[in-house]
Structure formats: C-alpha cells, structure tokens
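Working notes for the structure below.
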Amino acid sequence: MGTNGSTMLEPLRQGLPPVDPTAVSGSASCALPARFEAVRGARSFTRSTLSQWGLDERFDDVALVVSELVTNALRHALPEDAGVGGGPGPGCGSGSGEPEPTVRLHLMRWSTRLVCAVRDPSEDRPGGSFAPERTQENCDLESGRGLFLVDAYSDSWGWHPLAGRLTGKVVWALFMLHE
C-alpha cells in the first residue's frame with residue numbers, strides 16, 4: 001500500500017467505527033504527481049480499482065469525491081515551490097528518478113464500506129473556513145465548495161493530521177456498501 005501505509009491510516013481508523021484492520025478485503029494506493037492533470041489519473045485509477053473489486057456501480061459518486069479531494073490537495077496543500085501546473089501527461093504515479101510524490105490516493109474496501117483517502121503535506125484544515133454544519137454561512141465563500149459535494153455524495157468524511165515520521169494530513173470519505 002505504499003510507504004508506511006498502516007501508520008498513515010491509523011488516524012483514519014480512529015475516526016471510523018471500530019473495524020478489524022485485518023478484515024480489509026482490498027486496498028490500493030496511487031502516488032500522484034504535482035500536476036492538475038493528476039486528477040484525471042486519480043479518476044482512472046479509481047475506475048480500474050473499483051472495477052477489480054466489482055464496485056462499478058459506485059464509480060460516479062466515488063470518482064466525484066476523489067476528484068474533489070485530489071484537486072484540493074493539489075491546489076491548497078502543496079507548497080508554492082512544488083510547481084503545480086501543467087506537465088507531460090495525466091498519469092498516476094511517478095517515473096523513475098522523480099522525487100517521492102507528496103500526494104497519495106488510497107482506496108480501501110471492507111465488506112460494508114469503502115474509504116477513499118488523500119494524503120497531502122499540509123497540516124491545515126481542509127476547506128479553510130468551510131464547515132458542513134454551517135451551510136448558510138458557507139454559501140458565500142470563494143473556496144471550499146467542493147467539500148459540499150464531498151459531504152453530499154459520501155456517507156461521511158473527515159480529516160486527521162498524520163502522526164509519527166509522516167507529516168501532513170489525510171482527508172477521507174466513507175461510502176457504505178450494501179451487500
């Protein structure tokens with residue numbers, strides 16, 4: 001699942017109802033380059049992963065949420081010197097010789113839930129002053145509206161700062177699966 005995945009996801013597990021970590025029936029991780037075109041690669045990665053898991057019917061909702069979370073990470077969480085912008089291709093992952101990407105997409109499936117999580121290097125709260133519980137106050141904000149979509153299309157979402165040797169945060173969205 002990538003670099004120290006279990007440490008990275010520990011705060012995520014703490015924010016969800018208890019689940020046996022060994023009961024994960026599938027997990028996949030994708031390193032994303034610091035280019036806005038990476039959002040397309042994240043959607044493609046999500047489509048192929050959900051297809052492998054037999055969850056094609058969930059693609060539209062999950063892809064919309066993945067797109068919003070990855071876009072937010074690229075737009076707001078990467079340092080200005082990361083060079084976010086155009087680049088050669090939309091891929092998911094990094095080529096040889098490139099530095100370790102600082103944004104990662106993780107998809108995890110249990111029997112009754114699917115979680116998509118995006119790790120980024122910022123420790124700032126996602127969405128700035130956006131708060132789902134204050135809908136009236138949020139409607140005039142210049143940014144953070146994508147989190148309305150995340151809130152509307154997922155069953156729940158949240159974020160946690162990373163612990164240990166990893167820095168940054170993970171923003172996650174939960175989708176309940178019906179058997």
Who pairs with [X] by side chain to side chain contact (heavy atoms under 4.5 Å, CB included), at least two apart in sequence or on another chain?
X	value
D155	F175, M176
T71	V39, R75
T49	A28, F45, W53, L107

Using side-chain heavy atoms (C-beta onward) and a distance below 4.5 Å, is [X] in contact with [Y]?
X	Y	answer
W157	V65	no
S67	R43	yes
T167	E123	yes
L162	V170	yes
W172	H160	yes
K169	P126	yes

**Request:** Step through the shown structure and confirm whether more than 12 heavy atoms of other residues, nucleotides or ligands are within 6.0 Å of OH on Y153.
**Result:** no
**Asked** In terms of heavy-atom contacts, does CZ of R58 have more than 12 from other residues, nucleotides or ligands at under 6.0 Å?
**Response** yes
Straight-line distance of [X] [atom1] to [Y] [atom2], nearest 0.5 Å:
X	Y	atom1	atom2	answer
L174	S154	CG	OG	7.5 Å
D120	L32	CG	CG	11.0 Å
R109	L114	CZ	CG	8.0 Å
H178	E57	NE2	CD	10.0 Å

Can you see which heavy atom on [X] is nearest to which on [Y], and at what distance?
X	Y	value
S25	S111	OG-N, 4.3 Å
L74	A34	CD2-CA, 4.0 Å
C116	L69	SG-CD1, 4.2 Å

**Asked** Hey, does the side chain of T112 reach the backbone of L177 with a donor-acceptor pair shorter than 3.5 angstrom?
**Response**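 No, because the side chain of T112 does not come within donor-acceptor range (under 3.5 Å) of the backbone of L177.
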**Request:** List the steps, then state whether side-chain contact (heavy atoms from CB on, under 4.5 Å) holds for T46 with L105.
**Result:** CA-CA 9 Å; T46 300; L105 167 62; 3.7 Å; yes
**Prompt:** Who pairs with D56 by side-chain hydrogen bond (donor to acceptor under 3.5 Å, both in side chains), at least two apart in sequence or on another chain?
**Reply:** S51
